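Being a predicted model, the structure only gives us computed values, none of them experimental. Chain A is the first sequence line, chain B the second, and so forth, proteins listed ahead of strands; every chain is numbered from 1.
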Amino acid sequence: MATIKKQYPFDVIESKWHHIWEENKTFHAWNPGEKKIPHHPFWKRHNVKTDTLPPKYYILDMFPYPSGAGLHVGHPEGYTATDILARYHRAKGFNVLHPMGWDAFGLPAEQYAVKTGQHPRITTETNINTFRKQIKALGFSYDWDREVNTTDPQYFKWTQWIFLKIYNSWFNPETNRAEPISTLTYPPELQSEEQKRIYRDNKRLAYVAEAPVNWCPALGTVLSNEEVIDGKSEVGGFPVIRKPMRQWMLRITAYADRLLKDLDLLEWSHSLKEMQTNWIGRSEGAEVTFIADTERKEKIIVFTTRADTLFGATYMVLAPEHKLIDQITPSTWPEGTPDEWKGSTDSGIITPPQTPKEAIEAYRSYAAGKSDLERTELSKTKTGVFTGAYAINPVNGKRIPIWIADYVLSTYGTGAIMAVPAHDSRDLEFAQKFNLPIIHVVQPPDGSDPTGFLGDGISINSGFLSGKKTPEAKKTIIDWLQATQQGHRTINYKLRDWLFSRQRYWGEPFPIIWKNNHHEAISEDQLPLLPPEMPDYKPTQSGEPPLARAADWVNLPNGYVRETNTMPQWAGSCWYYLRYIDANNKDTFCSNKAENYWMGTTPKATVPGIDLYVGGTEHAVLHLLYARFWHKILFDLGFVSTPEPFHKLVNQGLILGEDSQKMSKSRGNVVNPDDVIREYGADAFRLYEMFMGPLEMVKPWNTKGVEGVYRFLGRVWRLFISKESLTELDQNLTLDLSKAPELVAQLKLNPAIQNISPNPVQLKTIHSTIKKVTDDLENLRFNTAISALMVFVNDAITWEIKPAVVMLDFLKLLQPLAPHITEELAEKLIPFMNLEYNGTISYLSWPQYDEKYLAEETFEYPVQVNGKLRDKIKLPISATQEEVKTAVLSSERIKATIADKTIKKIIIVPRRIVNIAIN
RNA sequence: GCCGGUGUGGCGGAAUUGGUAGACGCACGGGACUUAAAAUCCCGAGUCCUUCAAAAGACGUAUCGGUUCGAGUCCGAUCACCGGUACCA
C-alpha cells in the first residue's frame, strides 16, 4: 500500500504537545485557597497577588463506562465539544474545571470475571488504561489531577457515606424536604422501642421492602423500572419477570413533585424535559371510595382523573394482585355455572365448569405467570374474571359488579379502578368483550356519538352534574365527595420508588449490618467498606447475592451479619460531578468552600450549578433523574448549595455509520477513532466531528469528510510555514525519520508573514471572522465556526503579505478546535512578533472584534419585483430611501420588467432589500 | 395509540427579528504543474427549457392550502422518517 504524503507532521506535533501539557499541568483547575504557582501560564495571565480567583466555568462530560471495546467515535463527539468550550473559556479568562473519570462498576467486567475467573478489578484497570490513553490522544484539556474512578475505595467510601446520609433521613411532608431521622416525631400510640423502630425504618429515605420486583434470571439480579425496556433488561436484552423479593428501595417518589417543578429552573432541551416529565407522570384527580356489597362491607378505593364520569361507572376492576381480593369473596356464590356469570376468559386457561373460587385462583396465577414482556405483547386482548361480588356506586347507590383483570396494574394508583366504558377505551374494550353495560355521561361538544369519547364535553345522565362542562363537573363532584367523606382530591405519579439493591459482586457493598431481622448502619469510621475477596463471582439462581458466600466477611461478632446486596451502577454516577470539585479531599466528599465556588453562578449563568453538561440521551430518565434526586437530598441536608446540579445540559446526537445505520459490530460499520487519528491526526478528527453538523443532531460518518478538514489543516500549515523549509524537511525525512521532531522544530515561518499593519480589507476579514467564530462558539454552533475559519484561510491564502497580528488572531480562534497545530504555529509566530511567549497558546486572551472595521461603504440592494429577484444595485450605505427609489426606478432591467404595468407599492428595507409590487 | 423532534442539491449541511435559498465541506467535471501519478493550485456546477455559446426565462426548501409587498422561516391540514412511552385509570 502506498503511503499518502502527509499534509503536515501531525504525529510529531501532537505527541510533542501532549508531553508539554502533561508536564506543565497546563490545564490545572485552581481551587479556592489553593497554593498559586506564579510561573504557571494561568497565573501569568491572572493577577497572582489577588485573593480571589477569576470567575469559574465548570464544564462536564458524562464520564464513560470503560468497556473492553475501547473508545468509539461517539465518545469524542461530546468530549470535543466540551473541550472546545473549555479552551474557549480559558482564553476568555475563566478558571475552567474540565474533568474526566470512570464509571467503572458494572456488569460487563463482572460477566467477564465469571467467565474467566479474572478479578473485575483487573479487567477494569486494564480498560481504564486503554480509555485514558485513547482520550489523551485526542488532546483534551482535562485536569487529570481530578480523575475519579467509582470503583476506587477512596471514591466509593463517599458513595457509601452519602448512602448513610440518605438512610439516616426521612422526608418531612410539612417542610417538603429531607431531614435527619432524628427530627422524626412518633405518633403517641407507639409505645415500645420496637414499634418506634419499625415506624422509623418505614420512614427512612432508604428502606427495605418486600415487593414484586423486576428479576432478570439471565443476569441473576433485580433491576429498577428504568432499567427494564419492553420487558427486557436494558443491559443484554434478557427477559425480566416479576418476583416478590426483599429489596432496598430509595424513596424517590417523595421528590416527584420537586423533580418535576424544578425542571423549570433548567436550561435543558424541550424533549429531554418532556421525557422526565412523562416518566414522573403527574396526574391530578381524585380518590373515590366504593363500598363492597358484602358481609364485611370492605372499602374499595380507586383513583380516577375523571371523577365527573362517576355516574357512568358500570363495573369495577381490581388488579389480580390486589389485597382485597381474598376478603371480598362473597359468602354465597351467585346461582348458575361460572360460564353463565361470565367467569371465563378466552385464553382457555379457565374452562367451566369449575367453582368460582377456582376460577379466580386460576386467573390470578395465570396473570402472575406472565412476564412483563408477555403482558406487553398480549395487551391487545383483555382478559378477566368476575369475582361474584358487587360494590355500591357512591353517587347513585347502584350495584356494580367487581371484576379482576390484569389490565389494571397493582403498581399504579390504588390498584383498583371504577370502569367507565363509555369514556375510556380500555374499559370499553373490556365491557364489549364481557357484555357489561355502557352508559353515556359526557356529550361531545360537536354532538357526535359519545361512545368512546375521551375529551371534555358536557355531562349528561349524571344527576346533579348534568349540563355542566367537564372541568366544572370535576370540581363539583370532587367537592361533593369530600363533603360526604367518600373521596378527596389527590395527585398520582407514575414514578415509583427506586429499587436500589443488586445481586452482584462488582458494586458498592451497603454499609449496613443486620441482627434479629433488623438493619442498622455501620459507623462512618468503618468506611470504605470493601467487598470480600472471592474465588468466584457467579450470581445465583435463587437471587441470593454472591457476597453471601463469603462467610468470613458476612458473619460478624455478636450475631451481626452484613448486608450482602450491592448498589446499582448508578450510585457512583449520582455524585461524581461533586467529587471532581475536590477530588483529593481525604476529610470530606467535597468541601463547602470548593463547592460554593464551582457550583456557584458565573457571568455566563445566572442560575447556579454546572455551567454545561454534555452527554447522550440514553440517560434521560436514568442517570439524570437519579443524580437530581441525590443532589436534592444533599441540598436538603445542607451538603450542597444548589437545588439542581446541571444547570445547562446538551445532548449530543448519535453518530451513525457510513451507511447511515447505527454503528454495530454485526453491521461491520464501526469506525475506530485510533485508525482515524493515525491517518489524519487528532486535530483533523476533532475538527471533523464538529464540522459534521449541529452537535445535537444524528449524523452519519463520512471518512471523505475527514479528508476535507485534514486538507484544511494542511492549508493552515502551509499558510504559516515557508515552502522552502517544508521542501527541506521532506528531503531530510526521506533519509532519516527519527530526526522528524528536530526538523519540525527548525521549520521557518512563511516569509509572507510580516510584522506590518494590516490593510482595511485584512482587518475586515479577521474582524468578521472573530465575530462569527465567537458568536458561534457561544451558541455551540461548531460547524459554522469551522466554516468561518475556512473562509478566512481561503481568503488569507491569496494575500501577498500576511500581517502577523492578523495571523495570530486567527490562531487564537482556531486554538480551541485544533489545539495541537495552533500550539506549534504559535510557538513559531509569537517570538517572531517579539511578544512574550509563556509556553502555550492556551491562556492568550481571546480576540475582540471591533464593529468599526466591519462597516461597509456600499450596499448592493437586491431588487425584487413581486418577490422575484430582478436586479442588484450597488449604492452608498448612506443612501436615503428616496435615493434608493430613484436608483431602482432608473434601472433598465427594472423598467423592462415593470413595462406597462402599474406600481402598487415599493418596499425599501434599508441595507437589506427592495421589493416592487406590481399588478 | 399518545408525546416530542426532524424533512433544504448527488451527499453532510448553511441561511440574524419573514428580506438575494444552497455558505462551508464532500463527491463530481474541466484546467495548470508532472515523463506519469499522488499531492497541490485555479475554474465550474440546484433542476429544467432554449442556444454553437452566452444572456434571458421557468421551476425549486416533504405535500396541499393560507397570511404577506415578500415565506425554507409564520398559520392550518396531510405524508414520511427519527426518538421517547405504552393497558398509567
Taking atom P in both B:rC43 and B:rU51, what distance in whole Å separates the two? 31 Å
Expressed in angstrom and rounded to an integer, what is the separation of A:Glu707 atom CD from B:rC26 atom C1'? 10 Å
Check the distance between B:rG84's C1' and A:Glu234's CD and give it to me in whole angstrom. 14 Å
What's A:Met418 touching, base or sugar-phosphate or nothing? Going by heavy atoms closer than 4.0 Å. nothing
Nucleotide forming a Watson-Crick or wobble pair with B:rG76, both distances under 3.5 Å: B:rC64
Would you please confirm or rule out a distance under 4.0 Å between OP1 or OP2 of B:rA23 and any side-chain N or O of A:Arg781? no
Whole-Å distance separating the CD atom of A:Gln276 from the P atom of B:rG4: 17 Å
Only pairs with both distances under 3.5 Å count, Watson-Crick or wobble alike; so what is the partner of B:rG1 in this structure? B:rU85
N or O in side chain of A:Asn278 less than 4.0 angstrom from B:rC2 OP1/OP2: no
Reckon A:Thr277 touches a base, only the sugar-phosphate, or nothing at all at heavy-atom distances under 4.0 Å? nothing
Rounded to the nearest angstrom, tell me the gap between atom CZ in A:Phe691 and atom C1' in B:rA14. 10 Å
Tell me whether the side-chain N/O atoms of A:Gln7 come closer than 4.0 Å to OP1 or OP2 in B:rU40. yes
Nearest heavy atom decides the nucleotide; on that basis, is A:Asp424 or A:Val709 closer to the 5' end of RNA chain B? A:Val709
How would you label the contact of A:Asn702 with the nucleic acid (heavy atoms, under 4.0 Å): base, sugar-phosphate, or nothing? sugar-phosphate
Using whole Å, report how far CD1 of A:Ile786 lies from P of B:rA14. 12 Å
If I take atom CD1 in residue A:Ile916 and atom P in nucleotide B:rU68, what distance separates them, rounded to the nearest angstrom? 20 Å
Angle between ring planes, A:Phe430 versus A:Phe434, binned at 30° and 60°: parallel, tilted or perpendicular? tilted
What does B:rC41 pair with, Watson-Crick or G-U, if both distances are under 3.5 Å? B:rG31
B:rA23 phosphate, OP1 or OP2, under 4.0 Å from A:Asn794 side-chain N/O: no
Looking at A:Lys885, I want to see if its NZ is surrounded by more than 12 non-hydrogen atoms of other residues, nucleotides or ligands under 6.0 Å. no
So, OP1 or OP2 of B:rC59: does either fall under 4.0 Å of a side-chain N or O from A:Lys868? yes
For A:Arg893, answer base if it contacts any base atom (sugar-phosphate contacts may also be present), sugar-phosphate if it contacts only those atoms, and nothing otherwise; contact means non-hydrogen atoms under 4.0 Å. sugar-phosphate
Taking any heavy-atom pair under 4.0 Å as a contact, classify A:Val698: base, sugar-phosphate, or nothing. sugar-phosphate
Between B:rA15 and B:rU40, how many Å separate the two C1' atoms, rounded to a whole number? 32 Å
Inter-nucleotide P distance (B:rU8, B:rC3), Å rounded: 24 Å
For a side-chain hydrogen bond (donor to acceptor under 3.5 Å, both in side chains) check, start with the C-alpha distance between A:Ser283 and A:Asn492, then their side-chain angles and the critical distance, and finish with the verdict. CA-CA 5 Å; A:Ser283 42; A:Asn492 231 301; over 6 Å; no
Taking 4.0 Å as the cut-off, does a side-chain nitrogen or oxygen of A:Ser425 come that near to OP1 or OP2 on B:rG1? no
With the threshold set at 4.0 Å, does a side-chain nitrogen-carboxylate oxygen contact exist between A:Lys764 and A:Glu856? yes
Any salt bridge between A:Asp406 and A:Lys382, counting N to O under 4.0 Å? no
Does NZ in A:Lys323 sit with more than 12 non-hydrogen atoms of other residues, nucleotides or ligands closer than 6.0 Å? no
A:Arg711 vs B:rC26: side-chain N/O to OP1/OP2 distance below 4.0 Å: yes
To the nearest 0.5 Å, how far apart are CG in A:Leu324 and NZ in A:Lys299? 11.5 Å
Hey, is the side chain of A:Lys704 pairing donor to acceptor with the base of B:rC11 inside 3.5 Å? no
Judged by whether its glycosidic angle lies within 90° of 0, B:rG9 is syn
Integer-rounded Å distance: B:rG83 P and A:Leu656 CG: 9 Å
Distance below 4.0 Å between A:Arg870 side-chain N/O and B:rG57 OP1 or OP2: yes
Can you check the distance between B:rU68 and B:rU73, where both ends of the measurement are the P atom (answer in whole Å)? 16 Å
For B:rC79 and B:rU20, measure between their P atoms and round to the nearest Å. 33 Å
Of all the choices, B:rG13, B:rU85, B:rU16, which nucleotide is nearest to the side chain of A:Trp279 once you look at every atom? B:rU85
Expressed in whole Å, how much space separates the C1' atoms belonging to B:rG46 and B:rC28? 14 Å
For a quick check under 3.5 Å, do A:Tyr849 and A:Ser768 share a side-chain donor-acceptor pair by atom type? no
Nearest-Å distance once atom C1' is located in both B:rU17 and B:rG12: 28 Å
d(CG, A:Asn866; P, B:rC59) in whole Å: 12 Å
Among B:rG84, B:rU20, B:rU85, which is the nearest nucleotide to the side chain of A:Lys494? B:rU85
Tell me which of A:Glu860 and A:Met790 sits closer to the 5' end of RNA chain B, going by the nucleotide each one is nearest to. A:Glu860
Distance, P atom - from B:rC24 to B:rU34, rounded to whole angstrom: 30 Å
Sugar-phosphate only, base, or nothing, as touched by A:Gln864 at under 4.0 Å among non-hydrogen atoms: base
